[in-house]
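For reference, the structure discussed in these notes is given below.
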Amino acid sequence: MTLVVALILALACDKKDEPSPTTDNEEFITLGKTSVSFGFRQDSAVIAVTSNVKSINVSVSEPAKGWCQASITNNILKIKVLDNTEVLIKNAVVTLS
């Protein structure tokens with residue numbers, strides 16, 4: 001089976017009024033991808049992040065913290081997953097705020 005990591009964007013801006021980095025002073029975070037799938041083996045993925053937020057917090061949903069890690073450095077979100085030794089599809093939610 002596969003591991004699926006869904007990225008949730010948690011921001012204080014209104015979804016219908018998406019801010020633009022050149023025309024609006026509101027904070028924004030834009031991701032190169034909003035979901036990533038992994039196989040059974042330990043793996044990692046990197047996702048480009050565009051943002052005007054000075055300090056982005058990254059968190060992983062509680063059930064997935066034992067096998068999924070996420071961090072952000074220099075506008076690159078890195079997600080690492082451990083081997084999936086179970087015959088189950090696992091899901092994690094990574095939140096940026």
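Here the side chains of Val49 and Thr30 are not in contact, with every heavy-atom distance at 4.5 Å or above. Using a 4.5 Å cut-off on side-chain heavy atoms (C-beta onward), Leu77 and Val58 make contact. Contact check for Ile79 versus Ile47: side-chain heavy atoms found under the 4.5 Å cut-off. Proximity of Phe28 to Asn52: side-chain heavy atoms (C-beta onward) are separated by under 4.5 Å at one or more points. In this structure, Ile56 and Ile29 have side chains that are in contact, with non-hydrogen atoms separated by less than 4.5 Å.
With rounding to the nearest 0.5 angstrom, the OG atom of Ser51 is 7.5 Å from the CD1 atom of Ile72. One distance of note links CG of Leu82 with CZ of Phe40; it measures 14.5 Å at 0.5 Å rounding. Here the NZ-OG distance, from Lys80 to Ser71, works out to 6.5 Å after rounding to the nearest 0.5 Å.
In terms of heavy atoms, Val94 sits closest to Ala70 at CG1-CB, 3.8 Å.
Without hydrogens or angle criteria, Asn84 side chain to Glu86 main chain gives a donor-acceptor distance under 3.5 Å. At least one donor-acceptor pair closer than 3.5 Å links the side chain of Ser61 to the backbone N or O of Val93. Looking at Asp83, its side chain does come within 3.5 Å of a backbone N or O of Gln42 through a donor-acceptor pair.
Both Leu31 and Val53 are members of a single hydrophobic cluster when ILVMFWY side chains are connected at heavy-atom separations under 4.5 Å.
Sequence neighbours left out, not one pair with a member in residues 50-60 passes salt bridge (charged side-chain N to carboxylate O under 4.0 Å, His left out). Sorted by first and then second residue, the pairs that involve residues 65-79 and meet salt bridge (charged side-chain N to carboxylate O under 4.0 Å, His left out), not counting sequence neighbours, are Glu62-Lys65.
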